[in-house]
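The sequence lines fix the lettering, A, B, ..., with proteins before strands; numbering per chain opens at 1.
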Number of protein chains: 2
Amino acid sequence: MSITIADVAARAGVSKTTVSRVLNGKGELDLRTAERVRQVIEELGYVPSARAVGLARGRTRIVGMLVPSLTWPWMGEVLQGAVDVVESEGYGLLLFTFNRGAESMQQFASQVSSQSFDGLLVIEPEGTLTFIEQLHARGLPVVLIDDRDKRPQFPSVATTNYAGGESAARHLLELGRRRPLVITGVERFGCTHERLDGFRGTYAQAGIELDQRLVFEGDFTHESGRRGVQYALDERLDFDAVFAHNDLSAGGAIQAVRETGRNVPNDVSVVGFDDIPYAEHTEPPLTTVHQPMRQMGQAAARMLMGYFGGTPLPETPQVLPTTLIVRSSTAPKVDSRTRPAPKHRSR
Amino acid sequence: MSITIADVAARAGVSKTTVSRVLNGKGELDLRTAERVRQVIEELGYVPSARAVGLARGRTRIVGMLVPSLTWPWMGEVLQGAVDVVESEGYGLLLFTFNRGAESMQQFASQVSSQSFDGLLVIEPEGTLTFIEQLHARGLPVVLIDDRDKRPQFPSVATTNYAGGESAARHLLELGRRRPLVITGVERFGCTHERLDGFRGTYAQAGIELDQRLVFEGDFTHESGRRGVQYALDERLDFDAVFAHNDLSAGGAIQAVRETGRNVPNDVSVVGFDDIPYAEHTEPPLTTVHQPMRQMGQAAARMLMGYFGGTPLPETPQVLPTTLIVRSSTAPKVDSRTRPAPKHRSR
DNA sequence: CTGAAAGCGCTTACAG
DNA sequence: CTGAAAGCGCTTACAG
């Protein structure tokens, strides 16, 4: 029913070989023959079958993308970045998630074996790095979008977590904030350490050692941000700033601080990490370290596309910079002895 | 390099036909032959090539999914729902977006023509309904995830926008809120009218005609929620509640109300629509009408899978219910004459 | 510049 | 119960 290359060939009075040639622009061919064929293609609205082309060429023009979950706050950005470049190259993006755990991986593994796609973009579902490494070792082109600073032994795109921590610290130091509370991310993630180390290092350079009691282990949830602040309050630890390792926990921290009657940003300035849409809607809007998630998705996809075009995959990670976005949750510290007594504002 | 059905056949000492039969469980075959073949398949780790199977069978076992954008707040939920059922059936999900406009549609159209997938799940990018309808008319199995209450002439999954509006109204009426401000969604969307009509109808039944000046046309943005409140304030319109047509604008409304020194939920109760994650993090947490986005994704995918299995696609939309989620942004109205004077709380 | 033929890796009548 | 052969719709040496 659907029209095929044979139909075009017949109608144009040439062989399928010739049609194939004009389709792919390969080999020399008479200009008028080519023109005639093109016209027939146009008339018939012929589009080659992806299945048949795939089988004949041994390539699918599809890239796979494996992600842990689709409901994370920044996942849409990464995906959009990847899809944009993949689509614009005429490739398709086949999506896989780890949502159903081991079963998902089974399905995924079998899709790999059936060669459903030519290359893979992946945000590592926890605990699957070895598996991904194997795929790469067996010859599947893979590029990791390294959201957790894993620095794997295969091509990847990452961001500057360490520098991000530094920029948060520099900003708070400039504002005169000398006792920051840090609400970290999940302990086992590389990004958590990088962000903390960068932050701590910058404070150290300014002659301030971080009070170890003011480093609270969070888990990237809104709730953990609240808990971090609550903990510091319970322990009667003095702090004039919060550096939370993501925006969600920064949002929780802001709320917990304000509920004690303290003002954000004046009494306590808060800096987050990620720059998800939520960061614009906290009260006050959140100063945060922007992670270039969309660009990371794009970069990873471009690497893969480049590879298909003949450029080898880079050995070292491509690192895209974070940038500090200053909003209203941070402000200069005013010495409390010289500051006017806080006005009571009813809300 | 990759092993094929011929390798298995050779090693098992049978024909490719026989291997194919054990693979697909078709036709009678000697139990021991089958067992031997299975063993060889196991040994070799053979998995049939998706491309070849696709070409031979004329089906890809891939479903396409077209969405306007991947960065909308609830898009991840829908996608996750769809992916979950598609994956569990051994199908793949090929993702397309409208992000680059006309060019995206070009690419997409050509993927349709090349028969890259067997069926389509779609959240309509604005202005493409006619195109989608054509695809359906030409025989492509399509199911629409109808987020805007378009009620198209082909299979779809929708939700109860009207009933959602009713439930918001009922809740506010029970709380004694008689003068609600409505901040609508985009005017040209069906869902906006449904939500408004359901809301208005319920108030009318309670003998309260909505003040037309208290219906403000928003556009689903946080900012439009603020504007709606600002407008009512500027016009000196009295209101004791807000019904916003999505959570983002509800969040903006909450902030605008609080900035005037009024209390949410006591002075003004606020109800949203959607129940995105943000709704849990507003201050106070938002009472809202939950839309079953994930279930809609699942239902749509199941419809399509069912169709592949022989069940015809339903003629009428499958409608999944919304549910009111009560949080802290709504509370009973206390008559101001009997209520204690507001305490000034510093925040 | 052009075409006949083989091949990509499967499935599916058709025969036996 | 099993296999040889044709076919799915292309691409790609190879020949001319």
Side-chain angles (χ1 to χ4, degrees), chain A residues 1-38 40-41 44-62 90 110-118 308, chain B residues 1-38 40-41 44-62 90 110-118 308:
Chain A
M1 333 196 319
S2 188
I3 77 147
T4 73
I5 197 173
D7 302 326
V8 176
R11 177 115 167 212
V14 296
S15 70
K16 295 189 293 175
T17 307
T18 297
V19 177
S20 177
R21 277 199 268 261
V22 351
L23 245 20
N24 302 299
K26 281 181 185 168
E28 346 264 87
L29 55 178
D30 187 290
L31 284 181
R32 29 194 60 177
T33 314
E35 189 43 49
R36 184 153 36 94
V37 172
R38 254 189 283 276
V40 174
I41 288 174
L44 266 41
Y46 168 67
V47 180
S49 150
R51 292 191 286 266
V53 175
L55 183 57
R57 279 214 270 251
R59 280 153 150 270
T60 53
R61 299 210 112 211
I62 289 180
S110 116
Q111 296 269 3
V112 174
S113 305
S114 70
Q115 307 180 60
S116 301
F117 43 83
D118 300 338
F308 296 146
Chain B
M1 330 198 320
S2 187
I3 76 148
T4 73
I5 198 173
D7 301 325
V8 176
R11 177 114 167 213
V14 297
S15 70
K16 295 188 293 175
T17 307
T18 298
V19 177
S20 176
R21 276 199 268 262
V22 352
L23 244 23
N24 301 300
K26 282 183 185 168
E28 346 263 270
L29 56 176
D30 188 290
L31 285 182
R32 27 195 60 180
T33 315
E35 188 46 46
R36 186 154 35 94
V37 171
R38 254 188 282 276
V40 173
I41 288 174
L44 266 40
Y46 168 67
V47 179
S49 151
R51 291 191 285 267
V53 174
L55 182 57
R57 278 214 270 253
R59 281 153 149 270
T60 53
R61 298 209 118 222
I62 290 181
S110 115
Q111 296 270 1
V112 174
S113 306
S114 72
Q115 306 180 60
S116 301
F117 43 83
D118 300 338
F308 297 146

Check your understanding: Looking at the side chain of B/D30, which of C/dT2, C/dT11, D/dC1 is the nearest nucleotide?
Key -> D/dC1
Check your understanding: Is B/K16 touching bases, backbone alone, or none of the nucleic acid, heavy atoms closer than 4.0 Å?
Key -> base
Point to revise | Nearest-Å distance for atom pair CD1/C1', residues A/I5 and D/dT12 | key: 12 Å
Check your understanding: Can we say A/R32 and A/E35 salt-bridge, meaning some charged N sits less than 4.0 Å from an Asp/Glu carboxylate O?
Key -> no
Point to revise | Contact summary for A/Y46 and A/T4, nearest pair of heavy atoms | key: CE1-C, 3.6 Å
Practice item. Using atom CG of A/D7 as one end and atom P of D/dC8 as the other, report the distance to the nearest whole Å. Key: 11 Å
Review point. Nearest to the side chain of A/V14 - C/dT2, C/dG3, D/dT2?
Key: C/dG3
Check your understanding: Does OP1 or OP2 of D/dC8 have a side-chain N or O of A/T4 closer than 4.0 Å?
Key -> no
Point to revise | First encountered from the 5' end of DNA chain C, between A/A56 and B/R21 | key: A/A56
Exercise for review: Sort out for me which residue in A/L29, A/V37, A/T33 forms a side chain to side chain contact (heavy atoms under 4.5 Å, CB included) with A/R21.
Suggested key: A/L29
Exercise for review: Hey, which sits more toward the 5' end of DNA chain D by its nearest nucleotide, B/R36 or B/A52?
Suggested key: B/R36
Study note, to complete from the structure: Checking N1-N3 plus N6-O4 or O6-N4 for Watson-Crick, or N1-O2 and O6-N3 for wobble, each under 3.5 Å, the partner of D/dA15 is C/dT2
Point to revise | B/Q115 CD - D/dC10 C1' separation (whole Å) | key: 13 Å
Check your understanding: So what does B/T17 touch, heavy atoms closer than 4.0 Å: a base, only the sugar-phosphate, or nothing?
Key -> base
Exercise for review: Take atom CZ of B/R59 and atom P of C/dT11, then tell me their distance rounded to the nearest Å.
Suggested key: 14 Å
Revision key, fill the gap. Against the side chain of A/T18, the closest entry in C/dG3, C/dC1, C/dG9 is C/dG3
Review point. Rounded to whole angstroms, how far apart are CG on B/L29 and P on D/dG3?
Key: 10 Å
Exercise for review: Would you indicate which nucleotide in D/dG3, C/dC1, D/dC10 comes nearest to any side-chain atom of A/Y46?
Suggested key: D/dC10
Check your understanding: Which part of the nucleic acid, if any, lies within contact of A/S20, taking any heavy atom under 4.0 Å across all strands shown: a base, the sugar-phosphate backbone alone, or nothing?
Key -> base
Revision key, fill the gap. When rounded to whole Å, the CZ to P distance for the pair B/R57 and D/dA6 reads 22 Å
Study note, to complete from the structure: From the candidates D/dT12, D/dG3, C/dT2, the one with an atom nearest any side-chain atom of A/K26 is D/dT12
**Study point:** Of B/T18, B/V14, B/V19, the residue whose pairing with B/V8 passes side chain to side chain contact (heavy atoms under 4.5 Å, CB included)
**Key:** B/V19
**Study point:** Side-chain touch B/R51/A/R51, heavy atoms, less than 4.5 angstrom
**Key:** no
Review point. Of all the nucleotides listed (C/dC10, C/dT2, D/dC10), which has the minimum atom distance to the side chain of A/P48?
Key: D/dC10
Check your understanding: Expressed in angstrom and rounded to an integer, what is the separation of A/L55 atom CG from D/dC10 atom C1'?
Key -> 8 Å
Check your understanding: Is there a donor-acceptor pair under 3.5 Å between the side chain of A/R36 and the backbone N or O of A/A12?
Key -> yes
Exercise for review: Using whole Å, report how far CZ of B/R61 lies from P of D/dC8.
Suggested key: 22 Å
